[in-house]
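As structure tokens, the structure follows; a few thoughts come after it.
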Amino acid sequence: MIQSYGLPSRYSDFTLIGSGGIGDVYKTYDSKNNGILALKILKDVDSAISDSLENEFATLLNLNHPNLIKVYDFG
């Protein structure tokens, strides 16, 4: 169940919308930002993939463009 991931309480009302090779994507409500967003939960991945994704999301946090996704949180 999604609650077993220890997510912050700001996320609620989870609906699975997709599943892929490295994770599952859920539609969820984010009370901090008062809106619906997509939340990706990674499956067991090795440290190289995890490090690569962390770097990618750290970069996206600092970018703002209409053709890019908006990252609100990572961790």
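Note that the structure is a prediction, hence the values are computed from the model and not measured. Side chains are part of it too, since the values below use all heavy atoms of this structure and drop only hydrogens, waters and symmetry mates.
Within the 4.5 Å cutoff, side-chain heavy atoms of Ser19 are placed close to those of Lys43. The shortest distance between side-chain heavy atoms of Thr28 and Asp13 does not fall below 4.5 Å.
The backbone N or O of Gly20 sits nowhere less than 3.5 Å from a side-chain atom of Asp24 that would complete a donor-acceptor pair. When atom types are taken as modelled, the side chain of Lys70 and the backbone of Leu60 share no donor-acceptor pair closer than 3.5 angstrom. A donor-acceptor contact shorter than 3.5 Å is absent between the side chain of Asn33 and the backbone of Gly35.
Under the rule for a ring pair (Phe, Tyr, Trp, His ring centres under 6.0 Å), the partners of Phe74 that lie at least two apart in sequence or sit in another chain are Phe57.
With hydrophobic clusters built from ILVMFWY side chains whose heavy atoms lie under 4.5 angstrom apart, Ile49 shares a cluster with Val71. In the hydrophobic clustering of this structure, Leu42 groups with Leu61; members are Ile, Leu, Val, Met, Phe, Trp, Tyr whose side-chain heavy atoms approach within less than 4.5 Å, directly or through other members. Hydrophobic clustering places Tyr72 together with Tyr26 (ILVMFWY residues linked when any side-chain heavy atoms are closer than 4.5 Å, directly or through intermediates). At a threshold of 4.5 Å between side-chain heavy atoms, the hydrophobic network of Ile, Leu, Val, Met, Phe, Trp and Tyr places Val25 and Phe14 in two separate groups. Clustering ILVMFWY residues whenever any of their side-chain heavy atoms sit less than 4.5 angstrom apart, transitively, puts Ile69 in the very cluster that holds Ile22.
Smallest separation of non-hydrogen atoms from Asp30 and Lys32: OD1-N, 3.0 Å.
Across Asn34, Leu37, Leu39, a single residue satisfies side-chain contact (heavy atoms from CB on, under 4.5 Å) together with Tyr29, and that is Asn34.
Atom CG of Asp46 has more than 12 heavy atoms from other residues, nucleotides or ligands within 6.0 Å.
Counted by atom type alone, Asp73 and Tyr11 present one or more donor-acceptor pairs between their side chains at under 3.5 Å.
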